[in-house]
Amino acid sequence: MRLCRELQSAEIHRFTKPILAITAWIVLVLCQTNLAMASDTEKVFRAGAFAIDITPQKFPVSSSGSMTHRVAKQAHDPLHARCLVLDNGATTIALVTCDSCMIPREIYDAAKQKVSQAIGIDTDHILCSATHTHTAVSVGHTFQSLVEEDYIPFLVEQIAEGIIQAHSQLEPARIGWAVGNNPHHVFNRRWFLRPGVAIDDPFDSGTDRVRMNPPANSPALLQPAGPVDPEIPVLAVQAIDGRPIAMWANYSLHYVGGVPPDSLSADYFGEFARQFTKMIVATQSKPPFVAAMTNGTSGDINNVNFFEGRTSQPPFEQIRLVANDVAASAAVAYQRIQFEDWVPLAMRETEIELGVRRPNADDIDRAKQLLADAGSGPKNDRRLIYAGETLDLAEYPPTVQVKLQAIRIGGLAIVSSPCETFVDTGLAIKKFSPFKPTFTIELANGYNGYLPTPEQHALGGYETWRAKSSYLSVDAEPKIRQTLLDLLDELSESQPELNAAQ
């Protein structure tokens, strides 16, 4: 073999005699064939998964997902950070999704650094995201929610430990993917109303042309202001003997809700994982099988059928119904997966600078006057809530750095954004990506609020109202979308290493 490698790097023309040249050429061809065969036998794809509990260890705790401060006294079901590590011998990546509404970048960065120091996975090869359940512990500043500071060190430690545990369970594996579909639970929540119907906003501007979450089946409704994405991409890994290791799904649904305000819950994301595991009969797998539902592009999507409305359900019942049906669709796609013994892995990460929509002097004066007139105490009126948001945003910097990632897993691609991304953006990325399929994981590696397209910004509505939940400049979406497509093109044109030995 050593002779082969030496001949492989030598130049044939150095052999001056024809017989030696012919002999050397034959040996070189044989060597290259043997090296290729050896490389094939050295290719080993490995995977490991672990779901770690991130339920707070003590109550009460501040709960996110509301414009007012809310306190949870218990957890109805456990919260998890679900972790998947993939290794093809040349590249190692980790995917994590956490049962949280949104998680600031500093928390993810701290967890990634711990992982890198402990097991050597590069921080730019780790994708961490939040599911966007609206009933989790508050760890980010949004509206009047109070950050549960004592919980943050625990969350950092558990995310890191989950990845480390998944890495410790790496084993030879096979990987594959398919795309499911379920149009029954995704509805665009931004609506055009009939001419003459007033649409109020907290700034008294009177410029909004759409309303978020209008009354269902109301005579005032005209038509939705955007599309939906019913696809359910499914990525799965199994052991060599066929034992299921993990499954990562993606669906563009904001959340479901129906949770009492004093309870924490992983919402339909957690119930989906439980239902899917039962459907593929993986409840007794050792190590435990890990199913995860990531959030796609759902900034303008929810679970209310505004064409017809929906009947009132007991707490958690709508979560169960949606999770069961979406899990069934994912299970159908799962059965179509053709597993491969080895695939290329590659990941790219970059940062871009985006503008912030800061309030002007008149905005600040108006906000101060409103709050002064209202006096002290909790704020329930939207005008007062957004007056407080205006003063908070006055302290924001003029620009922010946003982290974006793209992953290639064989012929599949995943991109991420730290925003509540509109479905228009997800559909555009899928359309123009060089990889089929491609899907987007939102609320990843940080939180930078809603990401309406410029066209949706022009229509106004809740998702565009300036607040800590929506502050990026109007041109942020085209910049993020183009950067993600550029990263995908770069992955498409690159040739990932076949294995570490080459």
Q: Please evaluate residues Phe422 and Leu451 with respect to the criterion side-chain contact (heavy atoms from CB on, under 4.5 Å), reporting the C-alpha separation (whole Å), side-chain torsions for both, the decisive distance (0.1 Å), and the verdict.
A: CA-CA 6 Å; Phe422 275 36; Leu451 187 68; 5.6 Å; no
Q: Give the C-alpha distance, both sets of side-chain angles, the deciding distance and a yes or no for side-chain hydrogen bond (donor to acceptor under 3.5 Å, both in side chains) between Glu148 and Ser138.
A: CA-CA 6 Å; Glu148 195 66 42; Ser138 179; over 6 Å; no
Q: Would the distance check show the side chain of Asn250 and the main-chain N or O of Met293 forming a donor-acceptor pair, the cut-off being under 3.5 Å?
A: no
Q: Kindly state whether the ring of Phe143 and the ring of Tyr386 have centres lying under 6.0 angstrom apart.
A: yes
Q: Looking only at side chains, do Ser298 and Asn295 share a donor and an acceptor under 3.5 Å apart?
A: yes
Q: Let me see the working for Ile409 and Leu235 under side-chain contact (heavy atoms from CB on, under 4.5 Å), right down to the final yes or no.
A: CA-CA 10 Å; Ile409 303 173; Leu235 169 70; 3.8 Å; yes
Q: So which heavy atom on Leu393 is nearest to which on Arg357, and how close?
A: CD1-O, 4.5 Å
Q: State, yes or no, whether a side-chain contact exists between Ile441 and Phe439 at a heavy-atom distance under 4.5 Å.
A: yes
Q: Classify the side-chain pair Gln456/Asp300 by whether it contains a donor and acceptor separated by less than 3.5 Å.
A: no
Q: Would you say the side-chain atoms of Arg358 pair up with the backbone N or O of Tyr396, donor to acceptor, closer than 3.5 Å?
A: yes
Q: Hey, does Ile126 have a side-chain heavy atom less than 4.5 Å from the side chain of Ile163?
A: yes
Q: For the pair His254 and His132, name the ring-plane relationship: parallel under 30°, tilted 30 to 60°, perpendicular over 60°.
A: perpendicular
Q: Do the rings of Tyr151 and Phe154 sit parallel, tilted or perpendicular, given the 30° and 60° boundaries?
A: tilted
Q: Rounded to the nearest 0.5 Å, what separates atom CG in Leu155 from atom CD in Glu157?
A: 10.5 Å
Q: I need the minimum non-hydrogen distance between Tyr268 and Val322, along with the two atoms involved.
A: CD1-CG1, 4.1 Å
Q: Between Thr68 and Gln144, does any side-chain donor sit less than 3.5 Å from a side-chain acceptor?
A: no
Q: Are Ile407 and Leu412 side-chain neighbours, meaning at least one heavy-atom pair lies under 4.5 Å?
A: no
Q: Compute both the distance and the angle, then confirm whether Arg105 meets the cation-pi test with Tyr447: under 6.0 Å from the six-membered ring centre, within 45 degrees of the axis.
A: no
Q: So Gln74 and Ser263, side-chain hydrogen bond (donor to acceptor under 3.5 Å, both in side chains) or not? Walk me through it.
A: CA-CA 5 Å; Gln74 72 251 331; Ser263 296; 2.8 Å; yes
Q: For Asn448 and Cys419, indicate whether the former's side chain and the latter's backbone hold a donor-acceptor pair under 3.5 Å.
A: no
Q: Locate the shortest heavy-atom distance separating Trp177 from Val343; write the atom from each residue and the value.
A: CH2-CG1, 4.2 Å
Q: Please examine the side chains of Phe192 and Leu459, heavy atoms only from C-beta on, and report whether any two atoms are closer than 4.5 Å.
A: yes
Q: Test side-chain contact (heavy atoms from CB on, under 4.5 Å) on Lys368 and Leu391; report intermediate values, then the result.
A: CA-CA 8 Å; Lys368 288 180 177 179; Leu391 298 187; 3.8 Å; yes
Q: Would a distance-only check, ignoring hydrogens and angles, find a side-chain to backbone donor-acceptor pair under 3.5 Å from Asp201 to Ser205?
A: yes
Q: Is there side-chain contact between Ile159 and Lys112, with heavy atoms separated by less than 4.5 Å?
A: no
Q: Would you call Arg366 and Asp204 a salt bridge, taking side-chain N to carboxylate O under 4.0 Å as the test?
A: yes
Q: For Thr421 and Thr297, run side-chain hydrogen bond (donor to acceptor under 3.5 Å, both in side chains): C-alpha distance rounded to whole Å, both residues' side-chain angles, the deciding distance at 0.1 Å, then the answer.
A: CA-CA 5 Å; Thr421 309; Thr297 48; over 6 Å; no
Q: Between Arg466 and Glu389, is there a salt bridge with N-O shorter than 4.0 Å?
A: no
Q: Could you give me the CA-CA distance, side-chain angles and deciding distance for His141 and Val147, then say whether side-chain contact (heavy atoms from CB on, under 4.5 Å) is met?
A: CA-CA 6 Å; His141 293 278; Val147 173; 3.6 Å; yes
Q: So Val356 and Thr399, do their side chains get closer than 4.5 Å, heavy atoms only?
A: no
Q: For Ser494 and Leu491, indicate whether the former's side chain and the latter's backbone hold a donor-acceptor pair under 3.5 Å.
A: yes
Q: Just how far is it from atom CZ of Arg348 to atom CG of Asp486, taken to the nearest 0.5 Å?
A: 13.0 Å
Q: When the ring centroid of Tyr471 is compared with that of Tyr450, is the distance short of 6.0 Å?
A: no
Q: Is Lys430 salt-bridged to Asp229, going by a charged N under 4.0 Å from an acidic O?
A: yes
Q: Any idea which heavy atoms bring Asp99 and Ala136 closest together, and the distance?
A: O-CB, 3.6 Å
Q: Is Lys468 paired with Asp392 through a side-chain N to carboxylate O contact shorter than 4.0 Å?
A: yes
Q: Test your reading of the model: is there a side-chain donor-acceptor pair from Thr294 to the backbone of Ala249, 3.5 Å cut-off?
A: yes
Q: State plainly whether the residues Glu351 and Lys403 are in salt-bridge range, i.e. N to O under 4.0 Å.
A: no
Q: So how far is it from Leu354 CG to Ser473 OG, rounded to the nearest 0.5 Å?
A: 5.5 Å
Q: Nearest 0.5 Å, what's the CD-OG distance between Glu149 and Ser62?
A: 9.5 Å
Q: Do Asn188 and Ile301 make a side-chain contact, defined as non-hydrogen atoms from C-beta onward lying under 4.5 Å apart?
A: yes
Q: Are any of the side-chain nitrogens in Glu271 or Arg320 under 4.0 Å away from the carboxylate oxygens of its partner?
A: no
Q: Once you round to the nearest 0.5 Å, how far does CG of Asn445 lie from OH of Tyr108?
A: 7.5 Å
Q: So, for Ala428 and Arg481, which heavy atoms are closest and what is the spacing to 0.1 Å?
A: CB-CD, 3.7 Å
Q: Could you tell me which non-hydrogen atom of Lys114 sits nearest to which non-hydrogen atom of Ala160, and how far apart they are?
A: CB-CB, 3.8 Å
Q: Is it the case that the side chain of Arg190 and the backbone of Gly460 share a donor-acceptor pair, with hydrogens and angles ignored and the cut-off at 3.5 Å?
A: yes
Q: Quick one: are Glu463 and Glu420 in side-chain contact, heavy atoms under 4.5 Å?
A: no
Q: Okay, side chain of Asp363, backbone of Asn360: is any donor-acceptor separation there less than 3.5 Å?
A: yes
Q: How many angstroms lie between atom CZ of Arg274 and atom CZ of Phe269, to the nearest 0.5 angstrom?
A: 12.5 Å
Q: Going through the checks in order, is the side-chain hydrogen bond (donor to acceptor under 3.5 Å, both in side chains) test met by Ser492 and Arg408?
A: CA-CA 8 Å; Ser492 175; Arg408 172 188 177 182; over 6 Å; no
Q: Taking Gln318 for its side chain and Asn303 for its backbone only, find out whether a donor-acceptor pair lies under 3.5 Å.
A: no
Q: Counting heavy atoms not belonging to Lys436, are there more than 12 under 6.0 Å from its NZ?
A: yes
Q: Is there a donor-acceptor contact under 3.5 Å from the side chain of Thr133 to the main chain of Ser265?
A: yes
Q: Does a side chain donor of either Asn324 or Gln275 reach within less than 3.5 Å of an acceptor in the other side chain?
A: yes
Q: Would you say the ring centers of Trp191 and Phe307 fall short of 6.0 Å from each other?
A: yes
